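Some notes on the structure that comes next.
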Number of protein chains: 2
Amino acid sequence: MDTINQVSQTGHEVLAAVLGVRGRDREKSLRVLLWRRGRPPQAGRWALPGGQLGATEDVESSIRRQLAEKVDVRQLTHVEQLSVFSAPERVPGRRVVATAFLGLVPCDVDPEIPDDTEWFPVSALPETAFDHGSIVLRARDRLRAKLSYTNLGFALAQPQFTMSALRRVYSAALGYRVSATNLQRVLSRRGLLEPTGGTAPSGPSGGRPAALFRFTGSGLRVTDPFAVLRPPSGEDVRSC
Amino acid sequence: MDTINQVSQTGHEVLAAVLGVRGRDREKSLRVLLWRRGRPPQAGRWALPGGQLGATEDVESSIRRQLAEKVDVRQLTHVEQLSVFSAPERVPGRRVVATAFLGLVPCDVDPEIPDDTEWFPVSALPETAFDHGSIVLRARDRLRAKLSYTNLGFALAQPQFTMSALRRVYSAALGYRVSATNLQRVLSRRGLLEPTGGTAPSGPSGGRPAALFRFTGSGLRVTDPFAVLRPPSGEDVRSC
DNA sequence: GCAAAAGTGTTTTCCCTACACCCATGG
DNA sequence: CCATGGGTGTAGGGAAAACACTTTTGC
């Protein structure tokens, strides 16, 4: 009990799994931004971007500040807390508690990234440092779940897109085929999609030109709050 | 930047909003266990149970250890992380980062609780210490959401129950009327409910004796993983 | 005209809510 | 035999997946 309660030098770091859909055509996949450690411990392994929590900032400000060095902040379309990782020996030698985040970037532009960073498919991670591999998987699972019951797709998509481009983005993120037809129906019914009026040129082999769409609004919204056990019609949820 | 990065004495605490459905009949409501602060700062205000993270434990072990002093641990049917609260001045004077948890206790037995703790309806909180009020609301929202798409009801219910008793539990937790009929259908269809074979005696004014049920299993299971955008029939979600 | 890609209409299926009706008990 | 609460059957609605079919382009 004394050892448990003893005052100790507990460090607090923030880490982010920045996810985005990258790659051309068939190679398109959900990828994560990793950074190659240059010095011990665990030199050569790939780590999540992040760093020490500062004295005058909260965890979200901190991770945004630190990501600004790796990814252009304007590129970050969504940031949310995942969970705390606090196993005593997660960083050997000293006690470091980590607050992990999910960050999302849209799939069109490839932001400038430093030489020691790289995008890796989440399905083929390299040797990761510390517990960072499991943080990436948690981020992937959170993203997949929220794609279903929120409008989070806006954070992965380009500002404008055709339905088949959006289909590829959802397919890569979810890990299975998504039908463009049904995707459009679902997102339209929920009022998340809006035609820009423009069209994309047809490809070299012809085909009807595709209409361009955009997402309405760019903040996270829950679109499917009660899967079952809805409140009775007419009755509202009491605020408490 | 220097002030942000300066090494500082950052404390780390764990806090839990322990929720349960308490009270007889019409007074039944979702309540939270709070503890009255005896000494400054904020003496007299009501706080969540918790304390300092120890050097050799992770955050979940820590909150379980600390709750054991307030609530019998065997009563805790579910514990999960909510989020980190880290506003620099959330505890005036010194820097304390908090990992907040949701804890659940079943609604039958009233565990022994110390003199300075009390169950308060979440809809009528007293003056709370620090940011603990907003933590309670986050816990409530998480519980309400998960009651819909997981089997989390098991953590609030008694070991055995009639459907109308379970209906009262769900109603209190969700904040609106739930029909016993449909509740039974939904939980049965998902394979979460199982008749014990026994029946409860009828009340003083007669009525058919109610059948007794229990939940199958007592670990959290997600029962409604894809509200929409399900994988095509036949196709599985690729593990990555 | 033909292939290719996009978009629409329609069918089927499934699940949930709502409501009517039947069942078992105490007085 | 009637009031009271428990349980079941069923109808209606809504949303999503699947698929057939039409539209628009390049060659």
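Quantities reported herein were computed from a predicted structural model and do not represent experimental measurements. Lettering follows sequence order; numbering is per chain, from 1.
- Here B/Arg230 lies in heavy-atom contact (under 4.0 Å) with sugar-phosphate atoms only.
- Across all strands, B/Pro204 comes closer than 4.0 Å only to sugar-phosphate atoms, never to a base (heavy-atom distances).
- Neither side chain, A/Thr150 nor A/Arg221, offers a donor N or O lying under 3.5 Å from an acceptor on the other.
- A residue-by-residue look at A/Ser205 and A/Thr181 shows that A/Ser205 has its nearest nucleotide of DNA chain C further toward the 5' end.
- Taken residue by residue, residues 157-167 of chain B places no heavy atom nearer than 4.0 Å to DNA chain C.
- When all heavy atoms are compared, the tightest approach of B/Ala155 to B/Leu104 is CB-CD1, 3.7 Å.
- Between the A/Gln81 side chain and the B/Val84 main chain, a donor and an acceptor come within less than 3.5 Å of each other.
- For the ring pair (Phe, Tyr, Trp, His ring centres under 6.0 Å) condition, the pairs that include at least one residue of residues 195-216 of chain B, sequence neighbours left out, are B/Phe161-B/Phe215.
- In this structure, A/Leu187 places its CG atom 15 Å from P of D/dA15, rounding to the nearest Å.
- When rounded to the nearest whole Å, the span between CG of A/Leu183 and C1' of C/dG7 equals 14 Å.
- Looking at the side chain of A/Pro209, the nearest of the listed nucleotides D/dT24, C/dG7, D/dT4 is D/dT24.
- The interatomic distance linking B/Leu174 (CG) with C/dT17 (P) rounds to 11 Å, in whole Å.
- For B/Arg189, whose side chain is taken as the heavy atoms from C-beta onward, the closest listed nucleotide among C/dA6, D/dT8, C/dC15 is C/dC15.
- D/dG6 atom C1' lies 12 Å from atom CZ of B/Arg168, rounded to whole Å.
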*asked:* Determine whether B/Ser171 and B/Arg177 satisfy the following criterion, side-chain hydrogen bond (donor to acceptor under 3.5 Å, both in side chains), listing intermediate values before the conclusion.
replied: CA-CA 5 Å; B/Ser171 295; B/Arg177 285 268 154 200; 5.4 Å; no

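- Straight-line distance from the CZ atom of B/Phe226 to the P atom of D/dA15: 21 Å, rounded to whole Å.
- Whole-Å rounding puts the A/Arg208 CZ to C/dA6 P distance at 10 Å.
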*Can you check side-chain hydrogen bond (donor to acceptor under 3.5 Å, both in side chains) on A/Ser134 and A/Asp131, steps first, answer last?*
CA-CA 6 Å; A/Ser134 55; A/Asp131 53 1; 5.3 Å; no

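- When rounded to the nearest whole Å, the span between CG of A/Asn182 and C1' of C/dT13 equals 13 Å.
- Distance from the side chain of A/Pro232 is smallest for C/dA18 among the nucleotides C/dA18, C/dA24, C/dC16.
- Residue B/Ala210 is the one, among B/Ala210 and B/Ala227, whose nearest nucleotide of DNA chain D lies closer to the 5' end (criterion: closest heavy atom).
- Using a 4.0 Å heavy-atom cutoff across all strands shown, B/Ala211 reaches sugar-phosphate atoms only and no base atom.
- Each of A/Gly207 and B/Gly207 has a nearest nucleotide on DNA chain D; the 5'-most of these lies closest to B/Gly207.
- Geometric assessment of A/Arg31 against the ring of A/Trp119 yields a negative cation-pi assignment under the 6.0 Å and 45° thresholds.
- Between B/Arg177 atom CZ and C/dT17 atom P the separation is 16 Å, expressed in whole Å.
- For D/dG7, its base never sits under 3.5 Å from the side chain of B/Arg185 at any donor and acceptor pair.
- One finds the CG atom of B/Leu174 at 13.0 Å from the CZ atom of A/Arg230 (value rounded to the nearest 0.5 Å).
- The side chain of B/Gln184 contributes no N or O atom lying less than 4.0 Å from OP1 or OP2 of D/dG6.
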